[in-house]
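Because only heavy atoms are used, hydrogens play no part in the values below, and waters and symmetry mates are left out as well, while side chains stay in. Everything numeric in this text was worked out from a predicted model, so none of it was measured.
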Amino acid sequence: MKPLSTLHTLRTDSPLGPITLAASPTGLCGLWFDDQKHSPTEAQRQPWRTNEDHPVLLSAAAHVQAFWAGQDQPWSGPLDLSVGTAFQQSVWRALLNIPAGQSQTYGELAKLLDKPLAVRAVGAAVGRNPVSILVPCHRVLGAGGQLTGYAGGLWRKQALLKREGHPMAQLTPALFSE
């Protein structure tokens, strides 16, 4: 992860555990569960400042709460995905086009990006998505439609898909492993 400048942060609760939201001067740049892989380190978070009045963070927190209340509206606030490479940013922006309750495979996503041979690179970029839930990386499935990889844990991916009414979420956790 590229170094992040001084950011404003806000904590919010969710049924899947506490979430840290982060905003840069450009927009929302982070949404991480406490134990999520690829989240910023404690050292990276040191210069960040808690800001319970930040409009982008308040909007994002409200959006996350509305998601859990059953309102599947795409995030329309400002996003700052500049922490990623140009390729990663293209993958993350493509994720925004997957509607709630639907999914794509990593291969389909690679083809949409005109990179059909870059399935693994697409998968790696999806896994490093810094704005989970609102940039819906949980809607990407393996080639056979199976639940694979999620930086927040497969149990969270399954819960997010279930919340959206996706049929894949009906699998029991015993049928797959992280």
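- Judged by distance alone, with hydrogens and angles left aside, the side-chain atoms of Q88 form a donor-acceptor pair with the main-chain N or O of T85 at under 3.5 Å.
- Counting heavy atoms from C-beta on, the side chains of R11 and I19 never come closer than 4.5 Å.
- A cation-pi arrangement is present between R163 and F67 under the rule of less than 6.0 angstrom and at most 45 degrees off the ring axis.
- Within the 4.5 Å cutoff, side-chain heavy atoms of L161 are placed close to those of L147.
- Of the listed residues (T105, T148, V91, L95), just one forms a side-chain contact (heavy atoms from CB on, under 4.5 Å) with V140, and that residue is L95.
- Side-chain contact of S82 with Q89: a donor-acceptor pair under 3.5 Å is absent, judged by distance alone.
- A continuous path of Ile, Leu, Val, Met, Phe, Trp and Tyr side chains, each step under 4.5 Å between heavy atoms, connects I133 with L16, placing both in one hydrophobic cluster.
- In this structure, the separation between OG on S132 and CZ on F33 is 5.0 Å, given to the nearest 0.5 Å.
- Atom CD of E52 is surrounded by 12 or fewer heavy atoms from other residues, nucleotides or ligands within 6.0 Å.
- Atom CZ of R93 and atom CG of L79 lie 6.5 Å apart (nearest 0.5 Å).
- Distance check, rounded to the nearest 0.5 Å: NE2 of H138 to NZ of K157 gives 9.0 Å.
- Judged by distance alone, the side chains of S103 and H166 do bring a donor and an acceptor atom under 3.5 Å apart.
- One finds the CD atom of Q36 at 8.0 Å from the CG atom of L31 (value rounded to the nearest 0.5 Å).
- Under 3.5 Å, the side chains of Q71 and H63 contain no donor-acceptor pair of N or O atoms.
- In this structure, L81 is not a member of the same hydrophobic cluster as L112, with clusters built from ILVMFWY side-chain heavy atoms closer than 4.5 Å.
- H54 NE2 to L28 CG: the interatomic distance, rounded to the nearest 0.5 Å, is 9.5 Å.
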